[in-house]
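Nothing here was measured: the structure is a model prediction, and the numbers come from that model.
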Amino acid sequence: MLFGLRFSIMDFIKKRSGEREMKTLSQKITELKNAKNAVILAHYYQTEDIIDIADFVGDSYALSKQANETDAEIIVFCGVRFMAESAKILSPDKKVLLPAEDAGCPMADMVTPADIKRLRQQHPDAVVVCYVNSSYEVKAQCDVCVTSSNAVKIISALQEERVVFVPDQNLANYVARQLPGKHIIPFAGFCIVHHRLNALDVDKSRQAMPDAKLLVHPECPLEVIDKADFVGSTAQIISHAGQSPHKRFLIGTEEGILYTLKKENPDKEFYLLSPKLFCVNMKRTKLEDVYQALEREQHEIVLDKDTMDKARTSLDRMLMMA
């Protein structure tokens, strides 16, 4: 009994000590940020401590806009590499830092510039649209960039009937459903997190919580989308949940979104559709990484200027059309 009591006390002391260290580190980050005229941008899928220190939290589209509009001299991007690249493209004169330099996106890596050249040869009459989840080299080869929140709107406004869509096949299939007048040609890429879901996951969760509304991301397979009550980007899911009169929700996107949903809607209940919805890449960024990036101004995003200028055309077109 005494051993158990000592163990509990030690656990408590360690926990309190860890909390104090995190608070001190957060304060140091804030001081450094202010001294260096920096801004911290974080995706909704980041961990809670990263979200709490961020100046702006959003999905890919909102973060792209924020990077384009900020007056800060340094952008610390808490997300994955393609997001930091987009920030650099839209703010070429600013220093963009990626605290966790190994935070990549497997879906973005599934498509290459060589793939785009091949697809243009195969479909010479088609416009090439790339999801923002792609490298800057790929963006440089495409006509317009889109995010999950504006893909339907932008593709609908394009004059071309035939559309090559890279790299996410699931988002491409979702857009095709929404725009039957367009001929969408999907690439074979996918998000390794959302693509894990299937109809059985939905059925099991529905049985456990039949009164809950299912909100899913369009990166999910169609068999999941077909069973959803609402389909939208991360930001659109958050907005819908806040405005909905319903009180219980099943969430079909990366688990990091739950923190914001619960924080903004304390009177509602949110449950993850599946424990599969965890992105290790989005969770690579730690507070210590943010501090070190700011202090040393390390892990700067450096891009080839000519390629970056070409990539900016597709991103600028997106911001103009969205």
Side-chain angles (χ1 to χ4, degrees), residues 59-61 64 82 86 105-199 202 215-237 252-253 310-322:
D59 62 2
S60 296
Y61 176 61
S64 295
F82 78 79
S86 294
C105 173
M107 174 163 61
D109 295 337
M110 291 177 187
V111 62
T112 67
D115 291 320
I116 305 303
K117 292 179 181 178
R118 174 177 54 79
L119 287 165
R120 283 196 183 279
Q121 291 175 350
Q122 293 174 348
H123 308 282
D125 59 337
V127 62
V128 180
V129 175
C130 68
Y131 192 20
V132 72
N133 299 42
S134 56
S135 69
Y136 86 108
E137 294 97 339
V138 166
K139 290 182 176 70
Q141 298 288 332
C142 296
D143 297 304
V144 63
C145 189
V146 299
T147 69
S148 56
S149 62
N150 62 33
V152 172
K153 178 181 179 181
I154 289 177
I155 293 175
S156 175
L158 295 174
Q159 293 182 349
E160 294 86 351
E161 179 183 334
R162 292 169 59 81
V163 179
V164 170
F165 190 104
V166 301
D168 185 17
Q169 60 183 290
N170 292 323
L171 181 57
N173 291 333
Y174 172 73
V175 171
R177 284 274 188 89
Q178 305 304 306
L179 302 174
K182 298 285 186 178
H183 180 71
I184 308 296
I185 304 162
F187 190 70
F190 54 86
C191 168
I192 63 170
V193 176
H194 293 99
H195 199 64
R196 296 171 186 158
L197 294 176
N198 54 52
V202 177
L215 317 182
V216 307
H217 198 282
E219 288 179 14
C220 293
L222 285 180
E223 64 183 273
V224 174
I225 286 174
D226 287 343
K227 292 176 175 288
D229 296 297
F230 177 81
V231 182
S233 68
T234 314
Q236 289 169 340
I237 286 174
T253 191
K310 291 177 182 176
R312 187 177 302 113
T313 300
S314 65
L315 281 170
D316 282 345
R317 192 177 181 191
M318 176 188 76
L319 295 174
M320 179 183 67
M321 296 178 68

Residue pair Asp115 / Thr112, side-chain donor-acceptor N/O under 3.5 Å
yes
On a heavy-atom basis, the closest approach of Pro113 and Glu137 is CG-CB, 3.7 Å
If you look at every heavy atom in Pro167 and Val111, which pair is closest and at what distance?
CB-CG1, 3.6 Å
Side-chain heavy-atom pair Arg177, Asp226 within 4.5 angstrom cut-off:
yes
Can you check whether Gln141's main-chain N or O pairs, donor with acceptor, with Arg120's side chain at less than 3.5 Å?
yes
For a side chain to side chain contact (heavy atoms under 4.5 Å, CB included) check, start with the C-alpha distance between Ser86 and Val132, then their side-chain angles and the critical distance, and finish with the verdict.
CA-CA 8 Å; Ser86 294; Val132 72; 4.0 Å; yes
Without swapping roles, check the side chain of Asp143 against the backbone of Val128 for a donor-acceptor pair under 3.5 Å.
yes
Reported CD1-to-CG distance for the pair Ile225 and Asn173, which is rounded to 0.5 angstrom
8.0 Å
His217 vs Thr234, side chain to side chain contact (heavy atoms under 4.5 Å, CB included): CA-CA, chis, key distance, verdict
CA-CA 7 Å; His217 198 282; Thr234 314; 3.9 Å; yes
Between Arg196 and Ile192 (side chain of the first, backbone of the second, donor and acceptor by atom type, cut-off under 3.5 Å), is there such a pair?
yes
OH on Tyr174 to SG on Cys220, rounded to 0.5 Å:
11.5 Å
Nearest heavy-atom pair of Asn133 and Ser60: which atoms, and what distance?
OD1-OG, 4.4 Å
Gln236 and Ser149: which non-hydrogen atoms are nearest, and at how many Å?
NE2-O, 3.3 Å
Rounded to the nearest 0.5 Å, what separates atom SG in Cys130 from atom CG in Leu315?
7.0 Å
After noting the C-alpha distance and the side-chain angles of Val129 and Leu158, does the key distance pass the side chain to side chain contact (heavy atoms under 4.5 Å, CB included) rule?
CA-CA 10 Å; Val129 175; Leu158 295 174; 3.8 Å; yes
Can you check whether Asp168's main-chain N or O pairs, donor with acceptor, with Glu219's side chain at less than 3.5 Å?
no
Return yes if some donor-acceptor pair links the side-chain N/O of Asn150 with the main-chain N/O of Val146 below 3.5 Å, else return no.
no
Can you tell me if Lys310 uses its side chain to pair, donor with acceptor, with the backbone of Lys139 under 3.5 Å?
no
Give the ring-plane orientation class for Phe190 versus His195, where under 30° counts as parallel, over 60° as perpendicular and anything between as tilted.
parallel
Kindly compute the distance separating NE2 (His123) from CD (Glu160), expressed to the nearest 0.5 Å.
14.5 Å
Verdict with reasoning, Thr253 to Ile237, per side chain to side chain contact (heavy atoms under 4.5 Å, CB included):
CA-CA 9 Å; Thr253 191; Ile237 286 174; 4.2 Å; yes
I need the minimum non-hydrogen distance between Ser134 and Phe82, along with the two atoms involved.
O-CB, 3.4 Å
Look up atom OH in Tyr131 and atom OG1 in Thr147, then write down how far apart they are to the nearest 0.5 Å.
7.0 Å
Under 3.5 Å, side chain of Gln169 to main-chain N/O of Gly189, donor-acceptor pair present?
yes
If I compare all heavy atoms of Pro221 with all of Asn170, which pair ends up nearest, and what's the gap?
CA-OD1, 3.6 Å
First locate atom CD1 of Ile116, then atom CZ of Phe187, and finally report the distance between them rounded to the nearest 0.5 Å.
7.0 Å
Expected output: side-chain Glu223 to main-chain Ala199 donor-acceptor under 3.5 Å:
yes
